[in-house]
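These numbers come from a predicted model, not from an experiment.
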Amino acid sequence: PDAFSVEWDSAWIEAFTTLPGAASSRGTRPVVSAARPAAARPAPPTTSALLERLGAIPLPAGTIEALIERPDAAPALAERLRSGDRQTRARAARVLGRLGVRSTEVLEALRAALGDDERPVRAAAITALAALGDRSSADRIAALRAEPELALEVARALGELDTASTLDALLEIALSTRLPETPRRWAALGLARSDHPAASERLLRLTGSDSLRIRRLAEAGLDRARRR
């Protein structure tokens, strides 16, 4: 595996293995409890009821998880993304990104949300479009890098979409000294993982970065490109 893959994969492995309940149960004995009569389960909420919850503060637990199991809710979610209040619009975008429905109606609603007046809605739309693999929105997402508060979402999305036209946007984020380390590192990772030959030219510039981690990612990406 590539050096940058090892570093990032190890981080994910460590994060997941330290989650509660992840420890090995070897050597433990099961706890046996007395049987109890099964209680009647309440009927699951209807799709309409779940959609109404999107505007609630706080959001009722399990709402988004329940909606992502209902692809039939996509048209209604797209409508709420266009016309709901701020909380509803942001949450609708989040659900659409996880729902996996790539209909014209859904993609157009998410693309339009990139110009929403509220930053949380724009951020959610960026993440959703990347999750749905909508490369046609990459240039519009790249344009939002001018907002420092969206730099992380933009860097991660452009790395996922990997279009030749946005390599310079990733380089700009990675080289920026005005941004925190995290979005810069994600931008460098996007370039290191890119399958475009032109990414190597950008990675060469990152070998002179002020960040050690970014330099290492650039070197790993260049090594990967040489071995392709």
**Student:** Taking everything shown except E201 itself, do over 12 heavy atoms lie less than 6.0 Å from its CD?
**Tutor:** no
**Student:** Do S83 and E79 meet the criterion of a side-chain donor-acceptor pair at a distance under 3.5 Å?
**Tutor:**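 Checked: S83/E79 side chains pair up, N/O donor to acceptor below 3.5 Å.
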**Student:** Could you tell me whether a side-chain N or O of S103 sits under 3.5 Å from a main-chain N or O of V106, the two making a donor and an acceptor?
**Tutor:** yes
**Student:** Short question: side chain of R140, backbone of R111 - any donor-acceptor pair under 3.5 Å?
**Tutor:**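 Confirmed, R140 side chain pairs with R111 backbone.
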**Student:** Restricting to side chain to side chain contact (heavy atoms under 4.5 Å, CB included), what partner residues turn up for P60, sequence neighbours left out?
**Tutor:**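 Here the qualifying residues are R53, A56, T63.
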**Student:** Between the side chain of R91 and the main-chain N/O of L54, is any donor-acceptor distance below 3.5 Å?
**Tutor:** yes
**Student:** With a 3.5 Å distance limit and no angle check, can you tell me whether R135 reaches the backbone of T163 through a side-chain donor-acceptor pair?
**Tutor:**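 It does not hold such a pair.
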**Student:** Would you call E147-R119 a salt bridge at under 4.0 Å N-O?
**Tutor:** yes
**Student:** How about CZ on R178, more than 12 heavy atoms from neighbouring residues, nucleotides or ligands closer than 6.0 Å, or not?
**Tutor:** no
**Student:** In Å and rounded to the nearest 0.5 Å, what is the CD1 to CD1 distance from I126 to I141?
**Tutor:**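 Going from CD1 on I126 over to CD1 on I141, the span is 6.0 Å.
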**Student:** Heavy atoms, side chains only, cut-off 4.5 Å: are I68 and R98 in contact?
**Tutor:** yes
**Student:** So do R185 and S211 actually touch side chain to side chain, heavy atoms under 4.5 Å?
**Tutor:**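 Of all side-chain heavy-atom pairs linking R185 with S211, none is under 4.5 Å.
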**Student:** Residues two or more places apart in sequence or in another chain: which of them pass salt bridge (charged side-chain N to carboxylate O under 4.0 Å, His left out) with E219?
**Tutor:**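 With neighbours one apart ignored, the set is empty.
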**Student:** What are the two closest non-hydrogen atoms of A169 and A142, and how far apart are they?
**Tutor:** CB-CB, 3.9 Å
**Student:** Check S165 against D139 and note the closest heavy-atom contact, atom names and distance.
**Tutor:** OG-OD1, 2.7 Å
**Student:** Applying salt bridge (charged side-chain N to carboxylate O under 4.0 Å, His left out), name anything that partners D117, two or more places apart in sequence or on another chain.
**Tutor:**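 With neighbours one apart ignored, the set is empty.
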**Student:** First locate atom NE2 of H196, then atom CG of L167, and finally report the distance between them rounded to the nearest 0.5 Å.
**Tutor:**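 Atom-to-atom, H196:NE2 and L167:CG are 6.0 Å apart.
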**Student:** Work out which heavy atom in R89 is nearest to a heavy atom in D116; give both atom names and the distance.
**Tutor:** NE-OD2, 2.8 Å
**Student:** Within the 4.5 Å heavy-atom criterion, are L222 and T207 side-chain neighbours or not?
**Tutor:**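 A side-chain contact under 4.5 Å exists here.
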**Student:** Return the minimal non-hydrogen interatomic distance between A93 and A125, and the atom names on each side.
**Tutor:** CB-N, 4.0 Å
**Student:** For L96 versus A74, what's the shortest heavy-atom pair and its separation?
**Tutor:** CD2-O, 3.9 Å
**Student:** About how many Å separate CG of L77 and OG1 of T88, when rounded to the nearest 0.5 Å?
**Tutor:** 10.5 Å
**Student:** Is there a donor-acceptor contact under 3.5 Å from the side chain of R122 to the main chain of L114?
**Tutor:**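 Here the side-chain-to-backbone pair does not exist.
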**Student:** Answer yes if L132 and L144 sit in the same cluster of Ile, Leu, Val, Met, Phe, Trp and Tyr residues linked by side chain heavy atoms under 4.5 Å apart, and no otherwise.
**Tutor:**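 Yes, same cluster.
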**Student:** Closer than 3.5 angstrom, by distance alone: can the side chain of T127 be matched with the main-chain N or O of A124 as a donor-acceptor pair?
**Tutor:** no
**Student:** Using only atom types and a distance under 3.5 Å, with no angle test, would you say the side chain of D162 pairs donor to acceptor with the backbone of D195?
**Tutor:**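 Checked: pair present.
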**Student:** Less than 4.5 Å apart, side chain to side chain, heavy atoms only: is that true for R156 and E160?
**Tutor:** no
**Student:** Out of curiosity, L189 CG to L217 CG, how far, rounded to the nearest 0.5 Å?
**Tutor:** 6.0 Å
**Student:** Are L110 and D134 side-chain neighbours, meaning at least one heavy-atom pair lies under 4.5 Å?
**Tutor:** no
**Student:** Hey, are the side chains of I173 and V154 touching, using non-hydrogen atoms and a 4.5 Å cut-off?
**Tutor:**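 Yes - at least one pair of side-chain heavy atoms lies under 4.5 Å apart.
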**Student:** Under the salt bridge (charged side-chain N to carboxylate O under 4.0 Å, His left out) rule, collect the residues that match up with D72, sequence neighbours excluded.
**Tutor:**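 Scan of D72 (salt bridge (charged side-chain N to carboxylate O under 4.0 Å, His left out), adjacent residues dropped) gives none.
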**Student:** If I take atom CG from residue D168 and atom CZ from residue R145, how far apart are they, to the nearest 0.5 angstrom?
**Tutor:** 8.0 Å
**Student:** Between R82 and E108, is there a side-chain N and carboxylate O pair less than 4.0 Å apart?
**Tutor:**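 Looking at R82 and E108, the cut-off is not met.
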**Student:** What I'd like to find out is whether the side chain of L99 reaches to under 4.5 Å of the side chain of L67, using heavy atoms alone.
**Tutor:** no
**Student:** State the CG-OG distance between L203 and S209, to the nearest 0.5 angstrom.
**Tutor:** 11.5 Å
**Student:** Determine whether the side chains of R202 and S194 contain a donor N or O and an acceptor N or O closer than 3.5 Å.
**Tutor:** no
**Student:** Would you say the side chain of L161 lies within less than 4.5 Å of the side chain of T166, judging by non-hydrogen atoms?
**Tutor:**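 They are not in side-chain contact.
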**Student:** Around atom CZ of R205, are there more than 12 heavy atoms from other residues, nucleotides or ligands closer than 6.0 Å?
**Tutor:** no
**Student:** Can you give each donor-acceptor pair under 3.5 Å made by side-chain atoms of residues 42-52, sequence neighbours left out, with the distance rounded to 0.1 Å?
**Tutor:**
| from | atom 1 | to | atom 2 | distance (Å) |
| --- | --- | --- | --- | --- |
| T46 | OG1 | A49 | N | 3.1 |
| T47 | OG1 | R70 | NH1 | 3.2 |
| E52 | OE2 | R80 | NH2 | 3.1 |

**Student:** Check salt bridge (charged side-chain N to carboxylate O under 4.0 Å, His left out) between R184 and all other residues, then give those that pass, not counting sequence neighbours.
**Tutor:**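 D210.
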